[in-house]
**Student:** 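Input: one structure, supplied below.
Because the structure is a prediction, the values reported are computed rather than measured.
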Amino acid sequence: MGMESASQLEQRLAAVRGNAPRRSPSVRALAAYASNVDCKLATLGFTARVDFDRLLTATAYQPSFGQSPFAFARGLQFERMLAEHGYAAILGLLREQKAFNVNDARVVNVREMHADSTNSMQLRAQETRALIARIVANDSNAPNLIDGAVLETPIGGIPARFEADAVATKFGDLIHAGEVKSFPVVDERADPDKLGAALDQVSIYILLIKRLVEELGADPAIVSTRAMLITPKNVGMTPTLTEQDVTKRVQRVNRLLSTVPEPMSILDQFAPDEVNFGLIADRSLEPSNRIDTLHRLADRVGTHYRPTCLVSCGNARFCREQEFKKSSPCVTGPEAIRLLPGIESLQRAAELVEGHKPTDNEKPAAQLLARAGRLHDVASATASTRKRSSSNGRHSIR
Ligand code: SF4
């Protein structure tokens, strides 16, 4: 993309963002968006850096998820404890559980290096690049542990920077990525949703480091696809390290991020002075007007609702209601989506069960639905015959 078109695009995205709350440029936000790349509204919001979790505050669709203050405070306390005394707790885990030689480990906290700068993200991205370059060049002064890295990658053709909660380590041949999470691991088990989200985040971190290593002319295979998770053991604060192979997750996010549509093609579908995220977020306006604007924007650019939106996107309650009104199969869950390809609504599915003629698109699902309808008729007829004969039997005893 040329300089002029890049700045035009940035201006148009700024116009569409208006005064809407900004999302944090984090790997966590990228991991949440990665499962929604086929939704144009989500792509528009993500590339315009709008925080969908706060967009609909004070409307009927305000999202109900979010970390409890208690869990948030516990997370901060755990992270602080791990960073104390030159990351002694993390280095201890790497020595005990990975058998790394951590004597004289060199640790760099990139976040602290540029904390007060106005262009902190840019400086941190440059610093991260320089540090990883030293690692891949086997510089004897290269760091062994990096915290607070910022990595760059294009999203829909636009360069973007993302801040990682995770740490990167290199004590042997491979670079490892580790994510710090404060949810407990009890008897080596964790909440599956939280574990899945954490592994998705670390997979993105691994992918971004691999891309950077490749850009630096080295083999991306030096970045391990075994994710390290550092969590409290049981309900206390003693850290423990678990590992999981995330090769498939890394491949999946790589595939998803390469399919992000170019935002210009979405921006061309509406006039930002009429509909924009600033108007949707504006709490001085009537909530119904804000929701009307969201309706108009969603209709112009398109959405792609699926049940996982409920845990990954702040607009989910709004989008679910629209799908519910259309009686869309996707509101009933992933099974229905898989079983009803080409079927637009649950009413239409019911018609096909009754034997209505399918369109070409509907044919694959229609055969199954018609068969299900016939089986249902047979089962109902058998049940009523049994009911009749048992009731006749009771009469004859009398
Ligand atoms: S909730 Fe709506 S806007 Fe968000 S990803 Fe799902 S369909 Fe797109």
Side-chain angles (χ1 to χ4, degrees), residues 1-25 29-30 32-63 121 153-162 256-306 309 312-326 328 330 344:
M1 184 181 300
M3 291 273 281
E4 197 184 344
S5 55
S7 96
Q8 276 172 354
L9 176 59
E10 192 45 55
Q11 278 173 20
R12 289 182 70 179
L13 288 172
V16 97
R17 180 174 60 239
N19 288 326
R22 282 188 169 221
R23 71 163 166 76
S24 67
L30 180 57
Y33 165 67
S35 43
N36 301 325
V37 294
D38 50 4
C39 170
K40 301 248 176 77
L41 183 61
T43 297
L44 182 66
F46 189 79
T47 45
R49 298 195 288 280
V50 173
D51 184 352
F52 276 6
D53 291 353
R54 292 185 290 149
L55 182 69
L56 298 177
T57 300
T59 73
Y61 302 103
Q62 176 173 328
M121 287 294 283
T153 197
I155 299 292
I158 309 174
R161 299 189 188 99
F162 298 97
L256 287 173
L257 293 182
S258 63
T259 62
V260 175
E262 290 199 359
M264 205 56 119
S265 63
I266 305 173
L267 285 163
D268 284 342
Q269 293 170 33
F270 64 96
D273 48 342
E274 287 169 25
V275 280
N276 61 60
F277 291 115
L279 290 172
I280 297 166
D282 189 344
R283 290 169 70 170
S284 69
L285 300 175
E286 280 296 314
S288 56
N289 290 345
R290 293 168 57 193
I291 297 302
D292 279 351
T293 309
L294 179 55
H295 265 296
R296 281 186 284 144
L297 184 57
D299 286 349
R300 304 257 171 91
V301 302
T303 56
H304 193 132
Y305 180 81
R306 55 168 72 81
C309 290
S312 60
C313 182
N315 282 351
R317 294 173 79 182
F318 167 82
C319 293
R320 183 180 56 176
E321 189 173 291
Q322 307 323 305
E323 297 302 323
F324 195 78
K325 284 179 185 158
K326 288 187 266 176
S328 163
C330 67
E344 299 246 309

**Student:** When Asp268 is tested against each of Lys40, Arg12, Arg300 for salt bridge (charged side-chain N to carboxylate O under 4.0 Å, His left out), which residue passes?
**Tutor:** Arg12
**Student:** Go through it in stages, so that I can follow the logic: the residues are Leu297 and Leu44, the test is side chain to side chain contact (heavy atoms under 4.5 Å, CB included), and I'd like the CA-CA distance, side-chain angles, deciding distance and then a yes or no.
**Tutor:** CA-CA 10 Å; Leu297 184 57; Leu44 182 66; 4.2 Å; yes
**Student:** List the steps, then state whether salt bridge (charged side-chain N to carboxylate O under 4.0 Å, His left out) holds for Glu10 with Arg49.
**Tutor:** CA-CA 11 Å; Glu10 192 45 55; Arg49 298 195 288 280; 3.4 Å; yes
**Student:** Take Leu9 and Leu267 through the test side chain to side chain contact (heavy atoms under 4.5 Å, CB included) and record every step on the way to the result.
**Tutor:** CA-CA 9 Å; Leu9 176 59; Leu267 285 163; 3.6 Å; yes
**Student:** Does Asn19, at its CG atom, have more than 12 non-hydrogen atoms belonging to other residues, nucleotides or ligands within less than 6.0 Å?
**Tutor:** no
**Student:** List the steps, then state whether side chain to side chain contact (heavy atoms under 4.5 Å, CB included) holds for Cys309 with Asn315.
**Tutor:** CA-CA 8 Å; Cys309 290; Asn315 282 351; over 6 Å; no
**Student:** Minimum heavy-atom separation for Ala15 and Asn276, please, with both atom names.
**Tutor:** O-CB, 3.8 Å
**Student:** Going by atom types only, do Tyr305 and Gln322 share a side-chain donor-acceptor pair under 3.5 Å?
**Tutor:** no
**Student:** So do the side chains of Thr47 and Ile266 get within less than 4.5 Å of each other, counting heavy atoms only?
**Tutor:** no
**Student:** Evaluate the salt bridge (charged side-chain N to carboxylate O under 4.0 Å, His left out) criterion for residues Lys326 and Glu323: first the C-alpha distance (whole Å), next the side-chain angles of each, then the deciding distance (0.1 Å), finally the verdict.
**Tutor:** CA-CA 5 Å; Lys326 288 187 266 176; Glu323 297 302 323; 3.2 Å; yes
**Student:** Check the orientation of Phe162 and Phe46. Use parallel for under 30°, tilted for 30 to 60°, and perpendicular for over 60°.
**Tutor:** parallel
**Student:** Using only atom types and a distance under 3.5 Å, with no angle test, would you say the side chain of Glu321 pairs donor to acceptor with the backbone of Arg317?
**Tutor:** no
**Student:** Under the criterion side chain to side chain contact (heavy atoms under 4.5 Å, CB included), I'd like the reasoning laid out for Ile155 against Leu30: C-alpha separation, chi angles, the key distance, then a yes or no.
**Tutor:** CA-CA 10 Å; Ile155 299 292; Leu30 180 57; 3.7 Å; yes
**Student:** Do Tyr33 and Thr43 pass the side chain to side chain donor-acceptor pair (under 3.5 Å) test, and can you show the C-alpha distance, the side-chain angles, and the key distance before you say yes or no?
**Tutor:** CA-CA 8 Å; Tyr33 165 67; Thr43 297; 2.7 Å; yes
**Student:** Is Arg290 reaching over with its side chain to a backbone N or O of Arg283, donor-acceptor style, under 3.5 angstrom?
**Tutor:** no
**Student:** Would you indicate whether the side-chain heavy atoms of Leu294 and Leu56 approach each other to under 4.5 Å?
**Tutor:** yes
**Student:** For Arg306 and Ser35, indicate whether the former's side chain and the latter's backbone hold a donor-acceptor pair under 3.5 Å.
**Tutor:** yes
